[in-house]
There are 2 protein chains.
Amino acid sequence: MAGTGGRTPRERYRAQVRDEAKRLAWEQIAAAGPSALSLNALARRLGMTGPALYRYFAGRDALLAELIRDACRDLTATLRAGAAAGAGPGGLAEALRAWALAHPQRYFLLYGTPVPGREAPESTRRVTGEITAVLLDACGAAGPPDAPGGSPAALRRALAFWTRLHGVLSLELAGHFTGMGFDPAELYGAETASLPGEEAGRGAGISGDRVPLGGL
Amino acid sequence: MAGTGGRTPRERYRAQVRDEAKRLAWEQIAAAGPSALSLNALARRLGMTGPALYRYFAGRDALLAELIRDACRDLTATLRAGAAAGAGPGGLAEALRAWALAHPQRYFLLYGTPVPGREAPESTRRVTGEITAVLLDACGAAGPPDAPGGSPAALRRALAFWTRLHGVLSLELAGHFTGMGFDPAELYGAETASLPGEEAGRGAGISGDRVPLGGL
DNA sequence: GAAGGAGAGTGATAGCCTCTAACCAACGAG
DNA sequence: CTCGTTGGTTAGAGGCTATCACTCTCCTTC
């Protein structure tokens, strides 16, 4: 959300309404999914009629695209903050998990079911690229220093890191673990620790390898 | 699809129309996503008017639920066939990947973004349970034989197997690997081979461990 | 301070959707 | 042959996206 940083009263009012609309839109999405996002209902909750919202957003798709872009920025900022604070792969993984648990719908809007026709716009692609870049950087930097800055091995390691995190997270958020009687956090922690550098017989791994397996 | 196994002509006709409707529904979903599934458009393509379809399906949600159930059954049958043919975890993983690549929309309907309000009905939950059971069985059976039939360690191993497969698959199907210049199949293969029993310094793993890492 | 213009909001409307109700035609069992 | 079941129709209520023309109200400019 861009906040109310406008200069003229009109700009401030406009930004305020836009922010409130987006806030309510997230509520609606959280309540019934992205497909249930309705400009009409949104406008009603804002105290105006349907067509008025078209002064603020070009249409339903534009609003959704903006929400996705905001979510991207939010996650990027979160991860960048973690990285800037010196968090390693494990720290970033925890930050990612915390963010996803706090905003499941945001996470699914970024990494969930894609809409076949709808290609992600350039701006979004760039931001998601940044997100993976942060993860890859942290992971490559934490691994054994082979050609610092992107050896194939580092890329492979980072990709495995990313996909494992996403595998646990997305299944957990989708509720596929409910009733299985175990703690997803523990699995996530094990997956987080399992990776950077330990495969291919490189040894016990770098970042701890706590309770390697079977510790349930 | 139940096929045309009815006895009376009416039943056969009914089954035929239902199957054709579901086929077209899958086409529509593949073209523009599940949210674009429209009973009206479907009926038009079937050569009838909208309300006529309500003789065959109780409503849009019922049709979608049936499609999901069919997808579940299909995947279950595929995996069961693989398991019956003696495929180990690696074989099942390959079967899963082949199925998902052939029917991405089916995969996402099962494991993609969940609709917040909509709880999966009992029938579906039972079938998805079977799917995971097949994977868990194969994985537990292939691991080192500790308390055959579901030790905590086997469960943990199987869960990691499942989540790793899903992590690579879902990101690949969603197109998040496009333009990264690497082969998802290779990553998937490495993840498939990385798991059953090799962690915690148990050795080189059971099912091959081909090009363990860094081989990109 | 008055005039003009930009911007916010409204009602009307077209066209799509889901789903119900009432009605009609045709098939098949008795 | 008769008549109930079944498949299909049109009509219609209500919701949605989106556009258009219009009003009103501020803010700017003279």
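Protein chains get the first letters and strands the later ones, always in sequence-line order, with residue 1 at the start of each. Only heavy atoms go into these numbers, but all of them, side chains included; no hydrogens, no water, no symmetry mates.
Heavy atoms of A:R55 sit under 4.0 angstrom from at least one base atom. Residue-level contact check: B:R60 touches the backbone only, with heavy atoms under 4.0 Å from sugar-phosphate atoms and none from bases. B:T49 comes within contact range of at least one nucleobase, with a heavy-atom separation under 4.0 Å. If you check every strand for non-hydrogen atoms under 4.0 Å, B:P51 touches a base.
Rounded to whole Å, atom P of D:dT6 lies 10 Å from atom CD of B:E11. What separates CG of B:L64 from C1' of C:dT18 is a distance of 13 Å, to the nearest Å. Rounded to whole Å, atom P of D:dT19 lies 11 Å from atom CG of A:D61. Spacing between atom CG of A:L53 and atom P of C:dG9 amounts to 9 Å, rounded to whole angstrom units. Taking atom CG of residue B:L42 and atom C1' of nucleotide C:dT18, one finds them 13 Å apart after rounding to whole Å. The distance from atom CE of B:M48 to atom P of C:dA25 is 19 Å, rounded to the nearest whole Å. As rounded to whole Å, 17 Å separates atom C1' of D:dT6 from atom CZ of B:R12. Rounded to whole angstrom, the span from the CG atom of A:L63 across to the P atom of D:dC16 amounts to 15 Å.
Neither side chain, A:W26 nor A:D70, offers a donor N or O lying under 3.5 Å from an acceptor on the other.
Contact annotation: A:N40 side-chain N/O to D:dT17 OP1/OP2 distance is under 4.0 Å. Between A:Y13 and the phosphate of C:dG9, there is a side-chain N or O to OP1/OP2 separation shorter than 4.0 Å. Look at A:R10 and you won't find any side-chain N or O under 4.0 angstrom from OP1 or OP2 of D:dC27. Proximity of B:R44 to the phosphate of C:dC17: a side-chain N or O atom is located under 4.0 Å from OP1 or OP2. A sub-4.0 Å separation between OP1 or OP2 of D:dG15 and a side-chain N or O of A:S38 is absent.
Contact annotation: the side chain of B:R106 never approaches that of B:L67 to less than 4.5 Å [non-hydrogen atoms, C-beta and beyond]. By the 4.5 Å heavy-atom criterion applied to side chains, A:P51 and A:T49 are counted as neighbours.
In this structure, B:R18 fails the cation-pi test against B:Y56, since its NZ or CZ atom is not both closer than 6.0 Å to the six-membered ring centre and inside 45 degrees of the ring normal.
Nearer the 5' end of DNA chain C, as judged by each residue's closest nucleotide, is the contact made by B:Y54, out of B:Y54 and B:P9.
Between A:H166 and A:W162, the ring centre distance reaches or exceeds 6.0 Å.
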